[in-house]
Structures are given as structure tokens and as C-alpha cells.
Amino acid sequence: DRILIKSIPDFARTRTVELKGEVRYPGQYTFRDGETLREVLERAGGLTSNAFPEGAVFSREKLRQLEAQRLREAEERLQGDLLGVGRLVIDLASVLKDPDYQAIRLQDGDTLTVPTIPQSVTVFGEVQFPTSHLHQAGLTVDDYLERSGGPTRQADESRVYVVKADGSVMLPEKSRWFGSRSQRLELGDTIIM
């Protein structure tokens with residue numbers, strides 16, 4: 001007679017997610033197959049009072065590898081643009097509070113970094129003085145561009161865009177959120193000329 005005892009599939013495989021920044025108990029957490037980001041964050045005690053969920057960075061190792069491959073293939077075309085870091089744009093505030101928001105099933109190697117509340121708006125690219133400015137309520141895209149000395153001679157003024165704190169991109173002259181470049185900016189926004 002023979003008895004065959006099979007192992008539980010993936011039993012020995014350890015899946016981890018790293019929680020960094022303004023999480024009550026940051027560190028590496030193991031998770032079950034199908035477990036979501038919200039569930040692990042609840043185990044980690046949630047966010048601190050200093051947390052800025054709108055600026056959270058959720059990166060995925062598989063996405064980073066895929067983006068690295070695509071960047072190598074399109075290096076010349078992407079030269080001068082923002083580089084990918086495996087970031088998946090998420091709305092962390094909705095992840096925590098809205099039960100109808102799409103659940104983010106975790107993958108091995110995922111990392112969530114929650115920053116402290118920022119105080120600045122950053123201006124990059126073809127402006128006279130690329131720098132960060134203290135955020136002031138009511139200031140617009142054009143106000144911050146002016147505070148950085150305005151465009152250089154090489155600037156393409158039709159290609160101004162804003163990278164929001166959550167990693168999403170808004171086009172000031174084409175987006176329904178803007179209407180024109182008079183759109184007011186929020187904490188942690190970055191303007192690219």
C-alpha cells in the first residue's frame with residue numbers, strides 16, 4: 001500500500017507587504033491570499049493623526065519590473081519625463097472609509113508609504129527657478145509658475161501639467177477640473193513646465 005499526502009498549495013510561501021511612514025505600527029506584515037490593503041492597515045492600527053492619505057505611495061514590485069522594461073525600450077522617448085517607480089494610483093482615504101471603493105488585493109512585495117501632511121507646492125521643468133513654495137490657499141497654477149520666475153526660452157507653455165499628491169496627472173488647460181490655468185492647487189501638488 002502507498003499513502004500519498006499532498007502539501008497545502010503555497011503553504012510555505014510567505015507573502016509580505018511593507019507599511020511605512022505615518023502608520024500606527026509600521027513594518028512588514030504577512031498576509032493571506034486574497035487579503036486586502038484595508039484589512040492589513042486595520043491590523044497595523046490605522047493611520048496616525050499626522051498622516052496625509054492623499055499623498056500615499058502604493059508601489060508594486062511586478063509593476064516596477066514591467067515599467068523598468070518599458071523604460072529601457074522607450075528610453076529616448078521618455079527622456080526628461082517623470083520616471084515610473086511601480087506606483088499604483090490609489091485613493092487611500094476611500095480605501096479606509098468607503099466600503100464601495102474597489103478592494104486592493106495585495107501581492108507579495110507591495111509597499112505602502114504614507115507621508116506626513118506636506119506644506120508645499122513644487123515647480124519643476126523649464127522655469128527660471130525650479131523649486132518648492134509654501135502652499136497658500138487661493139494661489140493658482142500661473143501664480144506658482146510666476147513665483148518660479150516664469151518659463152525659460154525652451155519652455156513649451158502648452159504642455160504644463162500638474163502631478164497631484166496621489167500620483168494622478170491633471171492637464172490644466174484640458175481637464176474639466178481646471179477649465180484654465182487659474183485652477184487652485186492643493187497641498188503636495190507638483191507643477192511640471
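This one's a predicted model, so the numbers in the text were calculated from it and none came from an experiment.
For Thr30, there are no side-chain hydrogen bond (donor to acceptor under 3.5 Å, both in side chains) partners two or more places apart in sequence or in a different chain. Under the side-chain hydrogen bond (donor to acceptor under 3.5 Å, both in side chains) criterion, Thr36 pairs with Glu39, not counting sequence neighbours. Listed by chain and residue number, nothing satisfies the side-chain hydrogen bond (donor to acceptor under 3.5 Å, both in side chains) test with Arg105 (two or more places apart in sequence, or in another chain). Evaluation of the side-chain hydrogen bond (donor to acceptor under 3.5 Å, both in side chains) rule for Asp98 yields no partner, not counting sequence neighbours.
Between Arg43 and Phe31 there is a side-chain heavy-atom pair separated by less than 4.5 Å. For the pair Lys20/Leu112, no side-chain contact is recorded, criterion being any heavy-atom separation below 4.5 Å from C-beta on. You'll find the side chain of Val162 stays beyond 4.5 Å of the side chain of Ile192, heavy atoms only. Annotation: side chain of Tyr161 is not in contact with side chain of Met170 (no heavy-atom distance under 4.5 Å). Contact of the Gln107 side chain with the Val17 side chain is not registered, since no non-hydrogen atoms from C-beta on lie closer than 4.5 Å. Pro26 is not listed as a side-chain neighbour of Glu18, based on a closest heavy-atom distance of 4.5 Å or more. Residues Leu145 and Met193 have side chains in contact (heavy-atom distance under 4.5 Å, counting atoms from C-beta outward).
Interatomic distance, Glu54 CD to Asp91 CG, rounded to the nearest 0.5 Å: 7.5 Å. The CD1 atom of Ile90 sits 11.0 Å away from atom CD of Gln102, with the distance rounded to the nearest 0.5 Å. Rounding to the nearest 0.5 Å gives a distance of 7.0 Å between CG of Leu96 and CZ of Arg38.
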Got a list of side-chain donor-acceptor pairs under 3.5 Å for residues 117-127, not counting sequence neighbours?
{"residue": "Thr122", "atom": "OG1", "partner": "Ser132", "partner atom": "OG", "Å": "2.8"}
{"residue": "Glu126", "atom": "OE1", "partner": "Thr152", "partner atom": "OG1", "Å": "2.8"}

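Val114 and Leu106 fall within a single hydrophobic cluster, where Ile, Leu, Val, Met, Phe, Trp and Tyr side chains are chained together by heavy-atom contacts under 4.5 Å. Residues Val57 and Val89 fall into different hydrophobic clusters, defined by Ile, Leu, Val, Met, Phe, Trp and Tyr side chains chained together at heavy-atom separations under 4.5 Å. Note: the hydrophobic cluster containing Leu185 does not contain Leu187 (ILVMFWY, side chain heavy atoms under 4.5 Å, direct or indirect links).
Gln128 contributes a side-chain N or O that, together with a main-chain N or O of Pro151, makes up a donor-acceptor pair within less than 3.5 Å. Asp108 places a side-chain N or O within donor-acceptor distance of the main-chain N or O of Thr16, the cut-off being under 3.5 Å. Of the possible donor and acceptor atoms, none in the side chain of Glu146 sits under 3.5 Å from a partner among the backbone N and O of Asp143.
Judged by distance alone, the side chains of Ser168 and Asp166 do bring a donor and an acceptor atom under 3.5 Å apart. With no hydrogens or angles considered, a side-chain donor-acceptor pair links Asp156 and Ser158 at under 3.5 Å.
Contact check on Glu42 versus Arg24 returns no salt bridge, with no Lys/Arg side-chain nitrogen under 4.0 Å from an Asp/Glu carboxylate oxygen.
In terms of heavy-atom proximity, Leu92 sits nearest to Pro53 at CB-O, 3.6 Å. For the pair Val23 and Ala44, the tightest heavy-atom approach, listed with the atom from each and the gap, is CG1-CB, 3.8 Å. Scanning both residues, Ala56 and Arg87, for their nearest heavy atoms gives O-NH2, 3.1 Å. Between Val95 and Tyr101 the shortest heavy-atom distance is CG2-CE2, 3.4 Å. In this structure, Tyr29 and Val40 approach most closely via the heavy-atom pair CB-CG1, 3.9 Å.
Taking a 4.5 Å side-chain heavy-atom cut-off between Ile, Leu, Val, Met, Phe, Trp and Tyr, the cluster of Phe129 contains only that residue.
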- Task: Go through Asp110 and Phe58 one step at a time and tell me if the side chain to side chain contact (heavy atoms under 4.5 Å, CB included) criterion holds.
- Result: CA-CA 7 Å; Asp110 285 352; Phe58 184 82; 3.4 Å; yes
- Item | Intermediate values then yes/no, side chain to side chain contact (heavy atoms under 4.5 Å, CB included), Glu22 and Asn50 | CA-CA 7 Å; Glu22 298 299 318; Asn50 261 345; 3.5 Å; yes
- Apply the test side chain to side chain contact (heavy atoms under 4.5 Å, CB included) to residues Ile191 and Val160: give CA-CA distance (whole Å), side-chain angles for both, the deciding distance (0.1 Å), then the verdict. CA-CA 7 Å; Ile191 304 167; Val160 174; 4.0 Å; yes
- Query: What's the verdict on side chain to side chain contact (heavy atoms under 4.5 Å, CB included) for Leu88 and Ser59, showing C-alpha distance, side-chain angles and the deciding distance?
  - Reply: CA-CA 6 Å; Leu88 180 66; Ser59 57; over 6 Å; no
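His135 and Tyr144 have parallel rings, their planes meeting at less than 30° on a 0 to 90° scale where 60° marks the start of perpendicular.
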